[in-house]
Amino acid sequence: MAIRTSLELSRGIFAENKVKDAVDLFKKLVRQKICEPNEITYATVLNELSKRGHTDKTLSLLRLMEQGSTKPNKKNYSIVVDALCKDRNLDAAIDLLNEMKLKGIPPDIVTYNSVIGGLCKLGHWEKVKTFFSEMVNLNIYPDVRTFNIVIDRLCKEGKVEDGEEVMKHMVGKGVEPDIITYNTIMDGYCLCGQRDIARIVFDSMINKKIEPDIISYNILINGYCKEKKVDEAMQLFCEISHKGSKPNIVTYTTILQGLFEVGRTDDAKNFFDQMLSTGPTPDLYTLLSMVILSTDLLKKLCYSFISWKERENTDIIFYIIIINGL
DNA sequence: AAAAACTAAA
């Protein structure tokens with residue numbers, strides 16, 4: 001297991017370097033006019049850069065595109081707007097959105113959703129309202145995703161009631177909540193310690209013929225574990241396979257942690273064995289949390305290494321060493 | 001042929 005994990009991690013590290021090299025090469029080929037990629041190729045590269053947090057590079061690649069013969073289209077701009085939003089650089093994102101309008105490439109629902117999401121994350125609720133009005137004025141109507149983004153941020157800030165209000169509002173506008181809306185609200189209730197209401201939401205979505213998915217189960221299981229009601233969590237766990245869903249690594253990790261928190265280490269061990277034989281492959285986090293939770297001695301040992309790691313900033317190598325060592 | 005936005009454990 002440890003060796004496999006190390007290998008997977010190493011592959012990840014090398015893949016990361018490869019992407020950087022690939023982008024440098026890509027830019028060079030474009031600049032020297034050795035090749036001229038189309039919009040989709042550009043979009044793919046922009047996405048990879050955005051995913052890995054190289055927001056500045058997405059912007060410079062977009063500018064490079066503007067100078068070439070393949071002009072950026074709506075999706076290319078939107079990817080960069082989204083990257084800037086994820087980077088919490090809302091001023092730049094909004095500038096770019098306005099630039100799109102000036103260039104006659106009108107932003108669409110996706111562009112607006114990115115900006116609204118970014119503004120919500122920063123808690124700029126007044127600006128969120130402004131953008132809602134702006135998009136409606138342009139005949140772009142908020143969809144279920146737009147509302148889900150807003151509801152999620154409200155819930156994460158502990159304002160579940162406001163989230164419920166937004167949900168009522170969307171229904172009034174003829175936009176039906178989907179499974180993500182319900183999951184978001186459930187998680188919101190769990191986050192503020194109202195697991196009982198989360199359970200009511202869970203049951204009400206079943207009544208509305210929306211089948212809970214594995215994420216719905218994981219949210220509620222996590223809520224029960226936080227309350228130290230591990231038996232109730234276990235009962236839900238058993239329901240999953242009867243309802244045609246399948247527990248995933250999040251489900252197992254959540255229950256394992258719940259069992260450890262209440263000191264049921266034997267049950268945790270059995271549950272871990274059950275996962276190894278019939279469940280998903282544990283990820284690095286599962287293994288590490290098992291190790292950390294296992295004994296106080298190892299816990300202290302790991303923590304002393306973790307603070308060393310933070311100084312040295314070599315986290316991945318560090319985890320490989322710890323897991324191999326153990 | 002291939003591209004963009006929303007939900008769960010740490």
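Letters A, B, ... mirror the listed sequences (proteins, then strands); counts begin at 1.
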Peer 1: Between B:dA2, B:dA9, B:dT7, which one does the side chain of A:Ile40 approach most closely?
Peer 2: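 From the listed options, B:dA2 comes nearest.
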Peer 1: What's the CG-C1' distance between A:Leu259 and B:dA9, to the nearest Å?
Peer 2: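 In whole Å, B:dA9 C1' lies 14 Å from A:Leu259 CG.
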Peer 1: Whether the A:Asp213 and A:Asn183 side chains hold a donor-acceptor pair (N or O, under 3.5 Å, no angle test) is what I'd like checked.
Peer 2: yes
Peer 1: Checking side-chain polar atoms at under 3.5 Å, does A:Asn222 have a donor or acceptor matched by the opposite partner on A:Tyr224?
Peer 2: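 The criterion, which ignores hydrogens and geometry beyond distance, is not satisfied for A:Tyr224 and A:Asn222.
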Peer 1: Going by distance alone, is a donor N or O of one side chain under 3.5 Å from an acceptor N or O of the other, for A:Thr111 and A:Asp108?
Peer 2: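 Their side chains do contain a donor-acceptor pair, which is all the 3.5 Å distance test asks for.
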Peer 1: For DNA chain B, determine which residues of residues 165-184 of chain A have any heavy atom closer than 4.0 angstrom to one of its atoms, and list them numerically.
Peer 2: A:Ile180, A:Asn183, A:Thr184
Peer 1: Is the shortest heavy-atom distance from the side chain of A:Ile109 to the side chain of A:Met135 under 4.5 Å?
Peer 2: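 A side-chain contact exists here, since the closest heavy-atom pair is under 4.5 Å.
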Peer 1: Quick one: sort the A:Phe132 and A:Phe147 rings into parallel, tilted or perpendicular, breaks at 30° and 60°.
Peer 2: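 A:Phe132 vs A:Phe147 ring planes: tilted.
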Peer 1: Measure from the side chain of A:Ile215, starting at C-beta and using heavy atoms only, and say which of B:dT7, B:dA9, B:dA3 lies closest.
Peer 2: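 Of all the options, the side chain of A:Ile215 is nearest to B:dT7.
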Peer 1: Could you tell me how far apart A:Arg153 (CZ) and B:dT7 (C1') are, to the nearest whole angstrom?
Peer 2: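 About 12 Å, once rounded to whole Å.
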Peer 1: Please report the distance, rounded to the nearest Å, between CG in A:Asp143 and C1' in B:dA4.
Peer 2: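 In whole Å, B:dA4 C1' and A:Asp143 CG are 13 Å from each other.
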Peer 1: Distance check needed: B:dA2 C1' versus A:Glu48 CD, whole Å only.
Peer 2: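 These atoms are roughly 12 Å apart.
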Peer 1: How many whole angstroms separate atom CD1 of A:Ile221 from atom P of B:dA10?
Peer 2: 13 Å
Peer 1: What is the distance from CD of A:Glu39 to P of B:dA2, rounded to the nearest Å?
Peer 2: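 It is 15 Å, rounded to the nearest whole Å.
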Peer 1: Do A:Thr181 and A:Asp178 have side-chain N/O donor and acceptor atoms under 3.5 Å apart?
Peer 2: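 Their side chains do contain a donor-acceptor pair, which is all the 3.5 Å distance test asks for.
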Peer 1: In Å, rounded to the nearest 0.5 Å, how long is the span from CE of A:Met65 to NZ of A:Lys71?
Peer 2: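 It comes to 9.5 Å.
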Peer 1: Specify the residues of residues 74-89 of chain A, ordered by number, for which at least one heavy atom lies under 4.0 angstrom from an atom of DNA chain B.
Peer 2: A:Lys75, A:Ser78, A:Ile79, A:Asp82, A:Lys86
Peer 1: Given B:dC6, is OP1 or OP2 found less than 4.0 Å from the side-chain N or O atoms of A:Lys156?
Peer 2: no
Peer 1: Is there a donor N/O on one and an acceptor N/O on the other, under 3.5 Å, for the side chain of A:Asn248 and the base of B:dA8?
Peer 2: yes
Peer 1: Rounded to whole angstrom units, what separation is found between the NZ atom of A:Lys71 and the P atom of B:dA3?
Peer 2: 24 Å
Peer 1: Where do A:Glu157 and A:Cys120 come nearest, in terms of heavy atoms and distance?
Peer 2: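 Minimum heavy-atom separation between A:Glu157 and A:Cys120: OE2-O, 4.1 Å.
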Peer 1: Do the side chains of A:Thr58 and A:His54 get nearer than 4.5 Å, heavy atoms only?
Peer 2: no
Peer 1: The side chain of A:Ile109 lies closest to which of these nucleotides: B:dA8, B:dA5, B:dA2?
Peer 2: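 Ranking B:dA8, B:dA5, B:dA2 by closest atom to the A:Ile109 side chain puts B:dA5 first.
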Peer 1: From C-beta outward on A:Thr44, which listed nucleotide comes closest to its side chain: B:dA9, B:dT7, B:dA3?
Peer 2: B:dA3
Peer 1: How close do A:Lys27 and A:Ser60 get, counting heavy atoms only, and between which atoms?
Peer 2: NZ-OG, 2.9 Å
Peer 1: In whole angstrom, give the distance that lies between atom OH of A:Tyr217 and atom P of B:dT7.
Peer 2: 22 Å
Peer 1: In this structure, is the centre-to-centre distance between the rings of A:Phe26 and A:Tyr42 below 6.0 Å?
Peer 2: yes
Peer 1: Is it the case that A:Thr44 and A:Asn47 place a side-chain donor and acceptor less than 3.5 Å from each other?
Peer 2: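 Per modelled atom types, A:Thr44 and A:Asn47 side chains form no pair under 3.5 Å.
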Peer 1: Using a cut-off of strictly less than 4.0 Å, decide whether A:Lys51 has a side-chain nitrogen or oxygen near OP1 or OP2 of B:dA3.
Peer 2: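 Checking A:Lys51 against B:dA3: no side-chain N or O falls below 4.0 Å of OP1 or OP2.
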Peer 1: Under 4.0 Å, heavy atom to any atom of DNA chain B: which of residues 110-120 of chain A qualify?
Peer 2: A:Val110, A:Asn113, A:Ser114
